[in-house]
Amino acid sequence: MDQRKQIRITSGELSQLWTQYMNESASICMLTYFLNKAEDQEIKEVIEFALQLSETHVETIRSILTEEKYIIPHGFKLDEDVDVTAPRLFSDVYALHFVHQMGKLGLTAYGQGLSLSIRSDITHYFRECLSESAKLFEMAKDLLLSKGLLVRTPYITSLDHVDYVKDQGFLWDFLGEKRPLTVLEITNLHENIERNALGIATLIGFSQVANSKEVTKHFIRGIEIAKNQLGKLSKKLNESNLPAPMTWNSDVTNSTKFTFSEKIMMFYTEALIVLGIGFYGISIATGPRIDLGASYNKFILDIQRYAEDGANIMINNSWLEKPPQASNREQLAKKNMN
């Protein structure tokens, strides 16, 4: 008997399918624009592969939800949320970094989707997505390497013996002195700097093409928050005589023409914040040095406030699509009493 006819989609599976549909439909708009503007043939091929994956994923999710009689999210549309004929806003290098980050994030997101899957067809689907995302990541990473554009995490000297923590000074500052960073802490700092750098470049581009003063101010505020956090993260690496990744501001052109709808730009801004909070949380959990934890907690509070203001802008403009919810049983019961 067909297992798909026996087992309903769980809330965990639905949450992953719904979220992926929103992300992939937004990616189709961004990637179609990047592909239309790409001049470097090698980068164009990577963008094209990423776009094909997003288009296939959207069709698969639409098919699953239709069969299960769930409403299809509106998401984002090429004819509503992007003008592919608009002037170039971002360089090919930015587009390649964007796809590289897509591959990285896909490995995390699809891994979660797979871990929450129960039904065999959905398990298979997310396993395929995970494999495809690994291929996309590798393609983008190898191309960045070949072009000398991939920023590696810092090198450290080789260890010559195994050591153990002997006192609480490993966690706490002692008379203002800080121990050297661990490789986990170095990695977290480096990756958080890279994500902030990409976020700054993205928001600079968005701020130039937004029409609303309120939205433009929101993007400019986000740039300042990200710059502040990037500076403090870089300082932590520099204090240990380790290099910090560069920024990508030069990969944004001077275009001010309509390119993306404010709805999709706000969606991406909120998505960057959600990712930032998640990765800062991981950094706290895996980096025991207390000053780093205090910084990350402060960063989370700052971007949570920023996210709330962004969500209010989206709500006021009817840009925030509501995820599927559990039934309101109390409200349903009241209808029967009228």
Side-chain angles (χ1 to χ4, degrees), residues 20 23-60 76 78 81-110 128-155 187 190-191 193-206 208-209 243-255 257 259-260 264-265 268 271-272 275:
Q20 189 189 5
N23 291 335
E24 300 281 15
S25 64
S27 292
I28 288 172
C29 295
M30 295 287 285
L31 293 169
T32 301
Y33 173 75
F34 290 153
L35 186 61
N36 189 268
K37 300 301 164 190
E39 296 173 352
D40 185 300
Q41 186 57 39
E42 290 179 307
I43 294 177
K44 196 170 186 176
E45 289 172 5
V46 176
I47 296 171
E48 195 165 21
F49 180 69
L51 178 58
Q52 289 171 354
L53 293 183
S54 290
E55 289 173 339
T56 301
H57 295 164
V58 162
E59 287 305 313
T60 302
F76 301 92
L78 285 172
D81 297 299
V82 61
D83 180 2
V84 297
T85 67
R88 175 187 288 272
L89 181 60
F90 298 107
S91 71
D92 285 359
V93 171
Y94 170 92
L96 182 57
H97 279 296
F98 179 91
V99 173
H100 183 231
Q101 287 295 323
M102 276 184 62
K104 279 187 178 182
L105 297 172
L107 293 172
T108 302
Y110 300 141
E128 287 295 308
C129 288
L130 194 56
S131 175
E132 292 164 349
S133 192
K135 183 178 179 181
L136 176 62
F137 164 77
E138 192 170 2
M139 286 176 65
K141 180 260 297 177
D142 288 347
L143 187 54
L144 285 167
L145 271 172
S146 70
K147 292 182 177 293
L149 297 169
L150 186 68
V151 183
R152 294 173 170 86
T153 53
Y155 296 100
T187 301
H190 183 277
E191 291 297 295
I193 290 169
E194 275 213 322
R195 280 185 287 269
N196 270 292
L198 183 65
I200 290 168
T202 302
L203 291 180
I204 288 173
F206 286 176
Q208 292 176 188
V209 299
M246 68 186 79
T247 60
W248 300 321
N249 298 3
S250 61
D251 291 312
V252 185
T253 73
N254 292 327
S255 176
K257 301 293 184 182
T259 306
F260 303 110
I264 197 171
M265 291 191 292
Y268 265 112
L272 287 171
L275 290 171

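Position 1 is the first residue of the sequence, and the numbers go up from there. This one's a predicted model, so the numbers in the text were calculated from it and none came from an experiment.
In this structure, the side chain of Gln208 engages the main chain of Thr253 through a donor-acceptor pair within 3.5 Å. One N or O on the side chain of His190 and one on the backbone of Arg152 form a donor-acceptor pair closer than 3.5 Å.
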Subject >> side chain to side chain contact (heavy atoms under 4.5 Å, CB included) assessment of Glu132 paired with Thr56 >> reply: CA-CA 11 Å; Glu132 292 164 349; Thr56 301; 5.6 Å; no

**OP:** Show your working on ring pair (Phe, Tyr, Trp, His ring centres under 6.0 Å) between Tyr33 and Phe260 and close with a plain yes or no.
**Re:** CA-CA 9 Å; Tyr33 173 75; Phe260 303 110; 5.1 Å; yes

**OP:** Go through the steps to decide whether Leu53 and Leu136 satisfy the test side chain to side chain contact (heavy atoms under 4.5 Å, CB included), and finish with yes or no.
**Re:** CA-CA 9 Å; Leu53 293 183; Leu136 176 62; 4.3 Å; yes

**OP:** Go through the steps to decide whether Val209 and Met265 satisfy the test side chain to side chain contact (heavy atoms under 4.5 Å, CB included), and finish with yes or no.
**Re:** CA-CA 10 Å; Val209 299; Met265 291 191 292; 3.7 Å; yes

**OP:** Kindly indicate, with the supporting measurements, whether the criterion side chain to side chain contact (heavy atoms under 4.5 Å, CB included) is fulfilled by Ser27 and Tyr268.
**Re:** CA-CA 10 Å; Ser27 292; Tyr268 265 112; 3.6 Å; yes

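Of all non-hydrogen atoms in Ala86 and Thr259, the two that sit nearest each other are CB-OG1, 3.8 Å. Taking both residues in full, the closest heavy atoms of Leu78 and Cys29 are given as CD2-CA, 3.8 Å, listed atom of the first, atom of the second, then distance. The shortest non-hydrogen separation linking Asp83 to Thr85 is OD1-OG1, 2.6 Å. The two residues Ser25 and Val58 make their nearest non-hydrogen contact at N-CG2, 3.9 Å. Residues Phe76 and Ala26 approach most closely at CD1-CB, 3.6 Å, considering heavy atoms. Of all heavy-atom pairs between Val252 and Gly205, the closest is CG1-CA, 3.7 Å.
Judged as a side-chain hydrogen bond (donor to acceptor under 3.5 Å, both in side chains), and not counting sequence neighbours, Ser146 has no contacts. Scored by the side-chain hydrogen bond (donor to acceptor under 3.5 Å, both in side chains) test, Glu138 finds no partners at all (sequence neighbours excluded). Qualifying side-chain contact (heavy atoms from CB on, under 4.5 Å) partners for Leu107, counting only residues two or more places apart in sequence or in other chains: Leu130, Ser133, Ala134, Phe137. For Glu59, the salt bridge (charged side-chain N to carboxylate O under 4.0 Å, His left out) criterion is met by Arg62, not counting sequence neighbours. For the side-chain contact (heavy atoms from CB on, under 4.5 Å) test, residues two or more places apart in sequence or in another chain that qualify with Asp251 are Ser91, Val93, Tyr94, Trp248. With sequence neighbours excluded, no residue satisfies salt bridge (charged side-chain N to carboxylate O under 4.0 Å, His left out) with Glu24. Residues satisfying the side-chain contact (heavy atoms from CB on, under 4.5 Å) test with Pro243, not counting sequence neighbours, are Pro154. Under the rule for a side-chain contact (heavy atoms from CB on, under 4.5 Å), the partners of Asp92 that lie at least two apart in sequence or sit in another chain are Ala38, Glu39, Asp40, Ile43, Arg88.
Each salt bridge (charged side-chain N to carboxylate O under 4.0 Å, His left out) pair with one or both residues in residues 41-56, not counting sequence neighbours, appears once here: Glu42-Lys147. Residue pairs satisfying the side chain to side chain donor-acceptor pair (under 3.5 Å) criterion with at least one member in residues 96-107, sequence neighbours excluded, are listed as follows: Lys104-Glu191.
Of the residues listed (Asn196, Thr202, Ile200), the one engaging Leu198 in a side chain to side chain contact (heavy atoms under 4.5 Å, CB included) is Thr202, and it is the only one.
Going from atom CD1 of Ile47 over to atom NZ of Lys37 covers 12.0 Å, rounded to the nearest 0.5 Å. Atom CG of residue Leu105 and atom CZ of residue Arg195 lie 7.5 Å apart, to the nearest 0.5 angstrom.
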